[in-house]
*Asks:* 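Could you have a look at this structure, given as structure tokens, before my questions?
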Amino acid sequence: MSRLSLLVEGLSVTVIGVLIVAVILLVISFMIDVFRVMSQKKEQKPEQKLEVPVAPAIVETDDSELVAVITAAIAASLGTHTDRLVVRSIKKAVLRGV
Amino acid sequence: MDFFNLLKEAVFGLAASSGFALFFKGDNYLYIIMIGISLLLIYLAIVKNYEPLLLLPIAFGMLLANLPGSNLMLPPTASENGGLLWYLYQGDELGIFPPLIFLGVGAMTDFGPLIANPRSILLGGAAQMGIFAAFLGALLLGFTPQEASCIGIIGGADGPTTIFLSNKLAPHMLATVAVAAYSYMALVPIIQPPVMKLLTTKEERAIKMEQLRVVSKTEKIIFPIAVTILVVLLIPDCAPLIGMLMLGNLFKESMVTEKLARAASEYMMYIITIFLGVTVGATARADTFLNPKTLGVFLLGLVAFASATACGILLGKIMCKATHGKVNPLIGAAGVSAVPMAARVAQKVGASENPNNYLLMHAMGPNVAGVIGSAVVAGVFLSLYKI
């Protein structure tokens, strides 16, 4: 086989190979996204159930402690630090028919 | 007087059958050069600490096979058993050892950072482009497509994958390719930083990345199972490598097979490493190793590693722009799947720019993705070129 035709074949192999690898890796990465979405949905359901018993217990303590606890919880769930959050107002929500 | 004659004959007879005498037969002086090379590799392994776990057995196997008369690699004949290393070599020839090492690798790998940041799998893929760059270069230099694939896969920075592919496509190059692969894997901390600094700006290198989300146990268990089903159905030829890698990972993540995970990643892996290393080295014969092609392999191997690093970084830059500066391009270099060395190099270069930057976990994503990527590429080459 001449050098040129070998190179051309090599280039087509490269293109095919790159495409196949890219497709497979993309599919794997989308599959991982599906995990993430599914695990987020699972987290939301048990969290809503937890809010009902927890809220009444905290109301009895000091207000500033309460603010600190809520801010820390929000910061943790957002993956940032409390320094980066400014709390403007906290209102107790009324949960209807969860 | 007869006694002295007998003695003289015995001594000469012994001398004639000794290995030393065999050096003078025909081309056998080349063995001396091979022995010298094996001694150099032993030195590099022990004194310079170049991937000693593999390079030392390889070097010693090379030494043993090139001491004439030892016959350790001779296949059995009708009348005699084969040599010790020949029997152990069947683990290579039959494609058993490399997948078993991958079993151990999987049992030591944490896919968490990859699952937390799925786009990093693309960085692992980008780095595999270095494989194709070396593949094309090898074709240009006159290697056959089979040989070129094995030379290219050096850029995958994965010992078992390289050995596995080379055994199936170009067994005569096995020792050359393996020695090149492990040498360059040891040189990753030297090869990568210049390429990384050349292709990135100071600001890009100083980018601090967001903390990774927490990955649940369930995800970590589903991942190996799903990847196996998906990838093996798509590219059946990479089944031995991907299948064993994911099985090992499942041993680790399932929490119910801790003893199996430990056996796979500790005792079994190191036993197989010994057998694999020694027998791979023992295939390094003068005729296959001492020719200009070997120089070509080493040159192309360097091209493979450098271009793999470059391609990973380039995609990293693209992702950086696309996410408005959330991705530090340096982690792209970790797509060169020398685990965890390439990730550590990314961490070091990043920290030298910004001491508060802790890129290691982020770099592990592309690092382990590269292992999957190079196994997939090997599967592609196999499906195209297997005889």
Side-chain angles (χ1 to χ4, degrees), chain A residues 1-51 54 69-86, chain B residues 111 114-126 128-129 131-133 135-145 148-149 152 210-220 222-223 226-227 229-231 234-235 238 242 311 369-370 372-377 379-381 383-385:
Chain A
M1 234 195 201
S2 80
R3 202 55 81 82
L4 185 65
S5 62
L6 204 61
L7 184 61
V8 167
E9 191 200 303
L11 276 170
S12 47
V13 165
T14 300
V15 169
I16 298 174
V18 168
L19 279 173
I20 296 180
V21 172
V23 164
I24 292 186
L25 293 181
L26 271 171
V27 172
I28 297 181
S29 81
F30 286 140
M31 185 184 75
I32 297 176
D33 275 339
V34 169
F35 289 174
R36 184 168 45 93
V37 166
M38 285 193 357
S39 72
Q40 273 176 3
K41 279 205 189 137
K42 276 196 190 164
E43 274 171 37
Q44 275 168 24
K45 279 200 227 139
E47 260 182 50
Q48 283 169 357
K49 291 193 191 139
L50 278 172
E51 275 179 52
V54 166
V69 164
I70 293 178
T71 314
I74 295 176
S77 70
L78 289 176
T80 68
H81 199 271
T82 53
D83 290 351
R84 306 184 65 188
L85 291 177
V86 174
Chain B
F111 283 112
L114 173 60
I115 301 173
N117 185 10
R119 302 299 166 248
S120 56
I121 204 175
L122 298 173
L123 290 170
Q128 308 312 314
M129 298 308 114
I131 299 180
F132 291 107
F135 168 70
L136 288 170
L139 285 178
L140 276 173
L141 284 182
F143 289 97
T144 69
S149 313
E210 275 172 9
Q211 214 180 13
L212 292 168
R213 73 170 174 98
V214 176
V215 176
S216 73
K217 233 336 151 173
T218 315
E219 291 173 283
K220 284 196 183 179
I222 297 184
F223 181 78
V227 170
I229 297 177
L230 180 75
V231 178
L234 281 170
I235 307 236
C238 66
I242 293 278
C311 293
I372 301 178
S374 55
V376 169
V377 174
V380 170
F381 280 141
S383 56
L384 286 171
Y385 290 129

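Every heavy atom of this structure was used, including side-chain atoms; hydrogens, water molecules and symmetry mates were not. Order of the sequence lines sets the chain letters (A, B, ...), proteins ahead of strands, with each chain counted from 1.
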*Asks:* What residue in B/V215, B/I131, B/L230 has the most heavy-atom pairs under 4.5 Å with chain A?
*Replies:* B/L230

*Asks:* For B/L140, which atoms come within 4.5 Å of any heavy atom of chain A: side chain, backbone, both, or neither?
*Replies:* both

*Asks:* Need one label for B/F111: side chain, backbone, both or neither, based on atoms under 4.5 Å from any heavy atom in chain A.
*Replies:* neither

*Asks:* Using non-hydrogen atoms and a 4.5 Å limit, figure out which bit of B/F223 sits close to chain A: side chain, backbone, both or neither.
*Replies:* both

*Asks:* How long is the straight-line distance from CG of A/L11 back to CZ of B/F135, given to the nearest 0.5 Å?
*Replies:* 9.0 Å

*Asks:* Can you tell me how far CZ of B/F143 sits from CG of A/L6, rounded to the nearest 0.5 angstrom?
*Replies:* 12.5 Å

*Asks:* Pick whichever of B/G125, B/G124, B/S216, B/A226 has the most heavy-atom pairs under 4.5 Å with chain A.
*Replies:* B/A226

*Asks:* What's the spacing between A/I32 CD1 and B/I222 CD1 if we round to 0.5 Å?
*Replies:* 12.0 Å

*Asks:* Nearest 0.5 Å please: distance from the CD1 atom of B/I229 over to the CE atom of A/M31.
*Replies:* 9.0 Å

*Asks:* Against chain A, label B/L139 side chain, backbone, both or neither, depending on which of its atoms sit under 4.5 Å from a heavy atom there.
*Replies:* both

*Asks:* Using heavy-atom distances under 4.5 Å, tell me whether A/I20 contacts chain B through its side chain, its backbone, both, or neither.
*Replies:* side chain

*Asks:* May I ask you to name which of B/T144, B/I372, B/L136, B/V231 has the most heavy-atom pairs under 4.5 Å with chain A?
*Replies:* B/L136

*Asks:* Using 0.5 Å steps for rounding, measure from the CD1 atom of B/I242 to the CD1 atom of A/I24.
*Replies:* 8.5 Å

*Asks:* Specify the closest pair of heavy atoms between B/V380 and A/G17, including all atoms of both residues, with the distance to one decimal.
*Replies:* CG1-CA, 4.0 Å

*Asks:* To the nearest 0.5 angstrom, please state how far the CD1 atom of A/I28 sits from the CD1 atom of B/I115.
*Replies:* 11.0 Å

